[in-house]
Each structure stands twice: as C-alpha cells, then as structure tokens.
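The block underneath contains the structure these notes are about, expressed in structure tokens.
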Amino acid sequence: MSGGASLGLRTSGSYGSLQQSNGQLALPAPSPPLAPRKPAKLSLGGGGAGRGGERLLLARIWVFASRRHRMLLLLLVAVAVVCYFHFSSLVSKDEVAAPGTQTMLGFSDHVQSLVNGNGLNTISRTEKQSDISNEKVQGPLRTFPPAIALEHHPCENFSFSPPPVDRKRTGPRPCPVCYVPVEQALALMPRVPTASPILQSLNYLSEDQLVLKESNSGSLFGGYPSLEQRDMSYDIKDSMTVHCGFVRGKVPGVNTGFNVDEADLYEMRKCHGTVVASAIFGNYDIMQQPENISEFSKDTVCFFMFLDEETEAAIKNTTTVDNMKKIGLWRVVVVHNLPYSDARRNGKVPKLLLHRLFPNVRYSLWIDGKLKLVKDPYQLLERFLWRKNVSFAISRHYRRFDVFEEAEANKAGGKYDNASIDNQIEFYKREGLTHYSSAKLPITSDVPEGCVIIRENIPITNLFTCLWFNEVDRFTSRDQISFSTVRDKIRSRVNWTADMFLDCERRDFVVQAYHRELMEQRLAALRSQPPPPPPVVRAQQPRKMLPDNAAKEPGRASAAKKSSGKRSRKSGSKRAHRTKGTGGKEPIRL
C-alpha cells in the first residue's frame, strides 16, 4: 500500500491515540482488521503480504529515524490529516449546497437578463449588493416552512356568493373571499418560479443619443420607439431586447428620468422575495397605512412608497419621517426629475415597471395610493396566483367589459383629452379591435380595474408590462384602454394570459379612500354649512288619572274632560249616558 493509503488508515481515528509515556512516544495501537482488499501494486511487502510489508516499513522508518525526524514525521502526518479533513468538509458543503445554488441560478436567469443590457459594471454592482443583502434577507428566508402538497385545499368547498343586499349601499361592494392562514399560505408557496413560455431572456434597450423620428412615438423617457419597433416587440422569441422606459441610462433611476437617490437604490436592490409598492404624485392622495399584516410579512416583505418632492413637502408638514425614511410600514422614496408633467402618467412608471426598479424580487404587489391594504401579502399571493397557478392577476372593472364603452366613459368623465382618446381607439380598430363578446371566453373582460396588480416577475410578465407601458407612453395615460390590446397580441403568440378576478374580491382586501382634492372639497363644503340648530326637546306632561269619585265631583270631571283629547271626549260622552242609569258605575258584562 502506498503512503497515501497509510494516511487514509490513520485518519480513521488512530491519530488521536498517540500518547506520551515516560518521555517516549508510544506506537499506535493496532487497528481492527479490515475487509480483504486487493494488494496495492507498489506495496513493498510482496504481492500477498501488502499489509504486513507496510507495517514492516513503518517500523523500520520509526526505528532508524532520529527523534528530530520522528517529530517532523508526526508533524507532517498531523498537517496532512488536518488538510484532509478540511478538504472533506469543503466538498461535503459544496455537495449539500449544490441543489440550492442550482435553484437560485434557475430563479436568477431572468434577473440576470434584466441587467445584461446595463453593462458589466452594473452586473458586478448588483452582485455585490446581492451578497450584502443575503446576510440580512437570507436569515428570515430560512424560516419559511417546507412546501406541502394538500390533497384537499381548505377552500375547495367554498362557494362564491354575491355581496349581501344592503339598501343603503347600492354601488360596488366587497364579496366574501376564502383565504388560508398566513402560515399555511407560506407552506403553499411554489419553490421554483413559474415557467415562462418561449421567452427566457429579456433585455432592455438603452441609448444615449435619442432622436424623434416619428410623430406620436412616445416620450424621451420611453425612447421614442417607432411603429416598426413596436411591431417587432410582439414577435416573441427565446431572447428579446425591447423598450421599457429608463432608456437614457444604464441603471434605472440613475440619470434616466425618474431619478432615485443612491441610498434608496441600495435599499431597493436589497429587496428580495416580495415587494408591496405604491405611489403618490402631485399630492393627489393621502397615504394609507396597511393593516392586518403578520409579523412574518413585516420582516420579509418590502413596503415602498414613491413620492415626488411636492408630496414629500406636504407630508412632512403633518407626519414625521424617521431616520430610516419610514412612515409606518412604508419605506419612502423621493423621486426627482420626473419624466412627465402629468402626475397620473408618472404613477404608471412604478406601477408597470416595478421589475426594473426591483430587479431581485420574485413577487410584486402594486396598489394605488388611494387604497389601504387590509390583508396579508402572502394570503393574496396564495389566493390569486398560487392557487390558480397563474403569474399575473388583475381585477376586472365592476361595470364595464368593453373597451369602446370604457373610452366613452373616460370622455364623459373628462379623464383625458377626447381627441386623443378617439385617436387611440381608431388606431386599435385598424389593428382589429372589436367589441367584447362571449366569443372571447374564457376571457371575461377587456377592461381592468387597474388599481391593483399581483404578479410574479418572470420574463413573460415583464414583457407584458413593458409593452403595456409603451402603449401608455405612446397614447393616453388611461391604461384601461390599452390593456386588452397588449394582452391579446401576446396571447395570440404564446400560451399565456393575464388572469382577471372579480372586482368585489378586490374590494375585500383593499379599502378605497377619496382622492385628496375630493376629500378637501367635501370637508370645505361641510365647514361652509351653518351648524344645524339643536333639536327641541319638549317635556311630556304626565297623564292625569281620574279618581274613582270623579263622577261625584262635577268640577273635577269638567276639568278632566277639557284636558282630554277628542277620543276621550267621545268615549266620555258614551260613558256618561251609561253611568246615569247605574249610579256612577259601569255595568258588568258576563
């Protein structure tokens, strides 16, 4: 047997049995007999006595070696043993970590594709941020319960019922929804991302020198995509590069328009797993704090609120922002150099491009600034994504299903310039837009109630929201009008669609408040009204009871008759006729 084999024998535990006795080192105790093995070719003891030859060689080396050499030999053996065990531990760790590493790489494929267009510096910076964030994020993630497969879902026997009848509330109302507890929802979370059909790698176009070549081709922030580029973006392939906002820079939020401070970008890159996001621009809404959020979600879910400088100044007058830039659960991010003059169009940037602002998250939940979240995010993900095995969910409009009707309602409500709405509808009609009908089933509506979006950030959903944003950038900011066009174009090419749930289900997990302007108008109207007069309370006079001898005392009887009402006067007259013949007593009827 070779020397390497000899070291292998000692590492079985014999290196710990070397002891010092009377100033000399004792020989190692003999090892227990091993199973017969094929003799080593380089054994010095002959073909049939390999083990004996090895022991004889060790004994001869031990006898003829000096004490210094013995100590050196023992030191070499000890170093070899330590190196062997250290190498074994590294190999075992790699073998154990390999499946997890492979899973993370599989999940990060589309994340890596998001930053491929941003240059190598961006990738290295993102990787550094991910390494730092893993120290803080991976801790809570280890506490996720193991995935389970239920034979019977707790809500499988739940039957949908319409909202209860309420005569005081005739408009849209919430309906009952079956949620599972947060702990069970966490156990039902899929451990691998949903497969993205066809599209596997999505990159984003970045240009320094932008030239407007066509009229009505969008904005500088969107990159002025031409109609030809728009058509090519629906030619879905394995790898694609499309316009998706932030075109003027390498990193979204850095000199691209919709600029974000570096400290805020750092916090946004640290966010992994799930993000809940909202925005208030133009001081248009009043910030609503989420309610009924579990402690686990507070530790593992990111809550981000985007504000412009005007809204930040108004909030600071009434609310205190702590040193962590938080107001309640919301981590506040102030946006500078907004790309649009319209506050509602600026709100479409975080609404539809969250995957660009948060490149490391897996799930995102968008809610408009006027809404208050009253259910736990993990319960919503389980109810509207995981239970249905879908990657994108949005509620449909409570009343309208047809794009043409939605356009007329926007014109009647003064939501946007009428000529621009007509131009957008005519453009879509030339592309084949038709009225909604039952022929589109299982699609249940062409008009969403777009104030809530629940999604998994995979390449196909990222492409959908990019192209949806491009329509909002090119035409009107009314995203309900362009939703079905983008959805149907993608659906005609790949097996994917956006799931649409009932509006009454949406109203079960968010509470809608008035916009700030409307709220202030209502409050001003209440202040201008004179206070109502206090109600007049009249003391009720005690009812007088006639004594038994009232008929014998004419004065009292006449006073009682005057104070009694009409009914008592009529009945009293009849009673007087009866009492004349009975001596003041009414007859007793048997």
For this session: Check whether any side-chain N or O of Arg478 sits under 3.5 Å from a backbone N or O of Ala407 as a donor-acceptor pair, and report yes or no.
Result: no

Exercise. Got a sec, which pairs hit ring pair (Phe, Tyr, Trp, His ring centres under 6.0 Å) with one end in residues 240-263, sequence neighbours left out?
Worked result: Phe221-Phe246

Exercise. Judged by modelled atom types alone, do Arg362 and Thr274 share a side-chain donor-acceptor pair under 3.5 Å?
Worked result: no

Exercise. Any cation-pi pair here, Arg507 with Tyr398, using under 6.0 Å and within 45°?
Worked result: yes

Exercise. Looking at residues at least two apart in the chain, or sitting in another chain, which of them share a disulfide (SG to SG under 2.5 Å) with Cys466?
Worked result: Cys244

Problem set entry | Ser364 to Leu354 - nearest heavy-atom pair and separation | CB-CD1, 4.1 Å

Exercise. Between Asp368 and Leu371, is there a donor-acceptor pair closer than 3.5 Å when you use the side chain of the first and the backbone of the second?
Worked result: no

Seminar exercise, completed: In short, Glu456 meets Leu385 closest at the heavy-atom pair N-CD1, 4.0 Å

Problem set entry | Residues His272, Val361; criterion side-chain contact (heavy atoms from CB on, under 4.5 Å); working and verdict | CA-CA 4 Å; His272 292 65; Val361 301; 5.9 Å; no

For this session: Establish, from distance only, whether the side-chain atoms of Trp496 and Ser391 form a donor-acceptor pair under 3.5 Å.
Result: yes

Exercise. So, Arg191 side chain and Met189 main chain: donor-acceptor pair closer than 3.5 Å or not?
Worked result: yes

For this session: Ignoring hydrogens and angles, tell me if any N or O in the side chain of Gln512 forms a donor-acceptor pair with the backbone of Val510 under 3.5 Å.
Result: no

Problem set entry | Pair Lys440 + Asp488, salt bridge at N-O below 4.0 Å | yes

Problem set entry | Asp264 backbone acceptor or donor facing Asp261 side chain under 3.5 Å | no

Exercise. Can you say whether the rings of Tyr204 and His355 are parallel (under 30°), tilted (30 to 60°) or perpendicular (over 60°)?
Worked result: tilted

Exercise. Do Tyr378 and Gln184 meet the criterion of a side-chain donor-acceptor pair at a distance under 3.5 Å?
Worked result: no

For this session: For the residue pair Trp366 and Ser278, confirm or rule out a side-chain donor-acceptor distance under 3.5 Å.
Result: no

Exercise. Strictly by modelled atom types, are Trp386 and Tyr363 linked by a side-chain donor-acceptor pair under 3.5 Å?
Worked result: yes

Exercise. Is there a donor-acceptor contact under 3.5 Å linking the side chains of Gln480 and His397?
Worked result: no

Problem set entry | Tyr340 side-chain N/O to Gly347 backbone N/O, donor-acceptor pair under 3.5 Å | no

Exercise. Phe358 vs Phe306 aromatic rings, parallel, tilted or perpendicular, using cut-offs 30° and 60°?
Worked result: perpendicular

Exercise. Hey, what do you get for CG (Leu463) to CG (Leu202), rounding to the nearest 0.5 Å?
Worked result: 5.5 Å

Seminar exercise, completed: Closest heavy-atom pair, Asp473 versus Ser219, reported as atoms and distance to 0.1 Å, is OD1-OG, 2.5 Å

Problem set entry | Ile280, Leu338, Val334 screened by side chain to side chain contact (heavy atoms under 4.5 Å, CB included) with Asp308, the one that passes | Leu338

Exercise. So, Ser395 side chain and Arg506 main chain: donor-acceptor pair closer than 3.5 Å or not?
Worked result: no

Problem set entry | Check against side-chain contact (heavy atoms from CB on, under 4.5 Å), Leu186 and Phe296 | CA-CA 10 Å; Leu186 292 169; Phe296 190 87; 3.6 Å; yes

Exercise. Salt bridge or not for Arg383 and Glu505, using N-O below 4.0 Å?
Worked result: yes

Exercise. What residues form a side-chain hydrogen bond (donor to acceptor under 3.5 Å, both in side chains) with Tyr224, not counting sequence neighbours?
Worked result: none

Exercise. Hey, mind stepping through Phe304 and Trp330 against ring pair (Phe, Tyr, Trp, His ring centres under 6.0 Å) and telling me if it holds?
Worked result: CA-CA 5 Å; Phe304 277 85; Trp330 294 114; 9.0 Å; no

Problem set entry | Side chain Thr465, main chain Thr461, donor-acceptor under 3.5 Å | yes

Problem set entry | Minimum heavy-atom distance between Ile394 and Pro448, given as atom pair plus value | CD1-CB, 3.7 Å

Exercise. To the nearest 0.5 Å, how far apart are CD in Glu309 and CG in Asn283?
Worked result: 13.0 Å

Problem set entry | Reported CZ-to-CG distance for the pair Arg396 and Leu502, which is rounded to 0.5 angstrom | 4.5 Å

Exercise. Taking atom types as modelled and ignoring hydrogens, do the side chains of Asp376 and Ser294 form a donor-acceptor contact shorter than 3.5 angstrom?
Worked result: yes

Exercise. How far apart are the closest heavy atoms of Lys375 and Ile293, and which atoms are they?
Worked result: O-CD1, 3.6 Å

For this session: May I ask you to decide if Glu382's main-chain N or O and Lys388's side chain share a donor-acceptor pair within less than 3.5 Å?
Result: no

Exercise. Between Tyr436 and Phe404, is the gap from one ring center to the other below 6.0 Å?
Worked result: no

Problem set entry | For His153 against Arg387, the heavy-atom pair lying closest together | CE1-NE, 3.4 Å

For this session: Examine the side chains of Arg455 and Asn457 and answer whether a donor and an acceptor come within less than 3.5 Å of each other.
Result: yes

Exercise. Do Arg400 and Asp446 meet the salt-bridge criterion of a basic N to acidic O distance under 4.0 Å?
Worked result: no

Problem set entry | Residues Lys298 and Glu295 bridged, charged N to O under 4.0 Å | yes

Exercise. What do the steps show when you test Ile443 against Arg491 for side-chain contact (heavy atoms from CB on, under 4.5 Å), and what is the final call?
Worked result: CA-CA 11 Å; Ile443 292 177; Arg491 182 171 175 266; 3.6 Å; yes

Problem set entry | Exam field: side chain Arg345 to backbone Val472, donor-acceptor pair closer than 3.5 Å | yes

For this session: Tell me, with the steps shown, if Val177 and Phe509 meet side-chain contact (heavy atoms from CB on, under 4.5 Å).
Result: CA-CA 9 Å; Val177 180; Phe509 64 84; over 6 Å; no

Problem set entry | Lys348 side, atom NZ; Leu353 side, atom CG - distance, nearest 0.5 Å | 12.0 Å

